[in-house]
Amino acid sequence: MTTYDIDSSNANAIEARDMSIYYGAFRAVNKVSLAIEKNKITAFIGPSGCGKSTVLRSFNRMNDLVPTARTEGEIVFRGKNLYAPDVDPVEVRRRIGMVFQKANPFPKSIYENIAYGPRINGWRGTKAEMDELVERSLRGAALWDDVKDKLQQSGLSLSGGQQQRLCIARALATQPEVILMDEPCSALDPISTLKIEELMFELRQRYTIIIVTHNMQQASRASDYTAFFLMNSERAGELVEYGTTEQIFHNPKDERTEQYISGRFG
Amino acid sequence: MADQARARAESIGVSIPTEATVDLSKRPHIGETIIQAILFICGVLSIFTTVGIVWVLFQQAWLFFGDPEVSVLEFFTTFRWVPEIGLFGVWPLVTATFMTSLIGMLVAIPFGLAAAIYLSEYASDRVRSVVKPLLEILAGVPTVVYGYFALGFITPLLRNIFGINTVNIYNMASAGIAMGILILPLIASLSEDALSAVPQSLRNASFGLGATRLETAIRVVLPAAASGLVAAFIIGISRAVGETMIVALAAGAGPNLTANPFDSAETITGHIARISGGDISYGSIQYTSIFALGLLLFVITLGLNILSRRLVARFREVYE
Ligand SMILES: Nc1ncnc2c1ncn2[C@@H]1O[C@H](COP(=O)(O)OP(=O)(O)OP(=O)(O)O)[C@@H](O)[C@H]1O
Ligand SMILES: [Mg+2]
């Protein structure tokens with residue numbers, strides 16, 4: 001894999017500035033700052049409970065749905081702080097899509113699963129255009145060949161790996177700029193996992209991807225950048241080290257990173 | 001290998017019995033047996049009661065239909081129910097039952113469903129934990145109260161709005177509306193159960209695509225809960241069909257074949273209540289006729305309950 005320079009002139013897709021996230025009185029994430037480069041895959045790694053998912057969800061304001069959650073700091077996307085009072089979280093999520101750990105297709109047809117996002121986002125096209133968008137999204141998620149003959153079947157009739165790709169296709173259909181993936185392969189077999197990883201490499205050309213993973217091999221082979229999180233003494237997650245995946249895995253600067261990736265704790 | 005594991009386990013204080021010491025023979029559990037017997041008797045008792053009720057229904061209905069004065073054909077195909085002169089066409093009672101239930105459901109379903117959507121999709125946990133028990137208390141108000149509410153409040157209101165000449169003192173609309181209010185908490189509570197059974201992950205998927213709460217509720221949660229909701233509605237309908245006190249008080253006394261909700265008419269249950277409250281002689285045809293009506297009611301509600309069970313079972317299949 002090529003080495004990427006973290007300070008390259010390439011634009012940032014999204015950036016966290018001093019993000020602290022609380023659940024009630026509990027500070028789950030402490031002052032995390034990191035800039036995610038455009039059209040790259042960034043992996044979040046770290047032991048369980050260190051706040052990876054929490055940070056990830058703060059990028060599209062999914063944490064707003066947790067009644068007790070509260071944030072401090074900024075997420076900057078296209079020059080705008082997503083936590084500014086005038087920002088509508090619904091609009092944010094239309095541009096920053098999400099794929100969840102457990103595949104969660106709607107109990108609707110495969111076609112309707114894909115069409116759902118565009119429809120709620122004020123789709124004005126014809127039936128033929130929708131057909132095309134559905135096909136494009138399914139192709140984008142490398143699922144078209146599997147399902148082209150059964151678009152009217154329930155999304156729940158697919159295998160686990162196919163369901164997860166359906167969820168990716170569904171996210172693609174709203175044409176987001178950033179796609180957040182929270183352990184998308186953790187429930188999948190190795191072959192489905194590889195398929196999703198290959199898919200991520202292709203998607204990188206058009207999208208920015210952030211992926212949370214517990215799988216060190218996956219982080220090392222399927223990402224361009226890696227961010228390592230760890231809990232501090234108050235159990236609040238902090239960003240320990242962030243750099244190119246090459247550097248994090250072969251030349252970590254922080255001792256704790258080195259220990260974690262070599263499997264000595266966490 | 002096994003020896004090693006045993007040694008390790010024993011070293012940390014776990015004793016693993018060797019094959020020789022394992023005793024798998026049956027041992028008597030007296031308490032267990034007694035409890036089991038008591039529970040069994042309770043179960044059998046409730047089944048016997050039900051069987052007994054159904055038996056009496058069938059037996060008396062058999063006497064009714066076996067009477068030379070009536071026939072099953074007449075029962076289902078004629079349109080006047082006047083037991084005093086031997087006219088036993090069930091339709092006036094059925095249509096009145098249908099009308100009051102329909103009006104009740106027209107009130108209970110929209111409001112009950114709206115309340116359920118609010119509770120399950122919008123309300124905070126705190127609001128929900130207060131409102132849900134409150135709904136259940138409301139469902140426990142004696143129905144006679146609703147009956148007098150219909151007579152003393154809804155009927156005058158309807159007569160004010162539509163005119164005294166249009167709206168009869170006793171009318172199906174008033175009874176139906178009161179019935180709707182009675183059933184509303186039941187519908188709300190059952191629908192809320194169906195909605196909350198929809199996995200949170202589906203809502204998250206929808207929110208993650210940029211859907212609002214309303215879009216998520218209407219386009220994802222409602223369809224996903226559809227069969228559970230329909231089951232809730234059916235339970236509501238069977239409750240309405242069987243409801244007696246409100247219709248007996250407010251809908252009117254006397255069978256009447258009419259499609260006008262402002263007319264008075266008597267439902268199956270209202271008729272049974274009135275006849276059995278009057279002085280009829282045991283074994284007379286009037287007496288057996290109310291068992292025939294009871295059987296009809298039983299068949300209707302049984303059918304509705306079977307239907308709702310089917311739907312709930314299908315709903316479970318989708319999400320394991
Ligand atoms: N909805 C919530 N309400 C309260 N506390 C929460 C909630 N979600 C997460 N937390 C807490 O915040 C901390 C970080 O959780 P988070 O899920 O972000 O960790 P994670 O790094 O994604 O862990 P994992 O690798 O196990 O998924 C944990 O201590 C967790 O208990
Ligand atoms: Mg997580």
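Labels below follow one simple rule: chain letters A, B, ... track the order of the sequence lines, proteins then strands, and each chain is numbered from 1.
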Engaged part of [X] at the chain B interface, taking heavy atoms whose separation is under 4.5 Å:
X        : answer
A:Phe106 : both
A:Arg170 : both
A:Lys108 : side chain

inquiry  = Can you confirm whether B:Leu202 sits close enough to A:Pro107 that some side-chain heavy atom of one is under 4.5 Å from a side-chain heavy atom of the other?
reply    =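 With C-beta onward as the side chain, the pair touches.
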More than 12 foreign heavy atoms under 6.0 Å from [atom1] of [X]: is that the case here?
X        : atom1 : answer
B:Gln200 : CD    : yes
B:Lys132 : NZ    : yes
B:Ile35  : CD1   : no
B:Phe98  : CZ    : no
B:Gln36  : CD    : no

ask   = By number, which residues in residues 62-96 of chain A have some heavy atom less than 4.5 Å away from chain B?
value =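 Those residues of residues 62-96 of chain A which have a heavy atom under 4.5 Å from chain B are A:Met62, A:Leu65, A:Val90, A:Arg93, A:Arg94, A:Ile96.
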request  = Under the salt bridge (charged side-chain N to carboxylate O under 4.0 Å, His left out) rule, collect the residues that match up with A:Arg165, sequence neighbours excluded.
outcome  =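 Applying salt bridge (charged side-chain N to carboxylate O under 4.0 Å, His left out) to A:Arg165 gives A:Asp146.
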query = Is chain A contacted by the side chain of B:Asn204, its backbone, both, or neither, given a heavy-atom distance below 4.5 Å?
reply =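 Looking at B:Asn204, backbone and side chain both touch chain A.
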inquiry  = List the residues meeting ring pair (Phe, Tyr, Trp, His ring centres under 6.0 Å) with B:Phe149, not counting sequence neighbours, and say none if there are none.
reply    =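 Counting only residues at least two positions away or on another chain, B:Phe149 forms a ring pair (Phe, Tyr, Trp, His ring centres under 6.0 Å) with B:Phe153.
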request  = Using heavy atoms and a sub-4.5 Å threshold, report which of residues 205-221 of chain B line up against chain A, by residue number.
outcome  =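 Residues of residues 205-221 of chain B touching chain A at under 4.5 Å: B:Ala205, B:Ser206, B:Phe207, B:Gly208, B:Leu209, B:Gly210, B:Ala211, B:Thr212, B:Arg213, B:Glu215, B:Thr216, B:Arg219, B:Val220.
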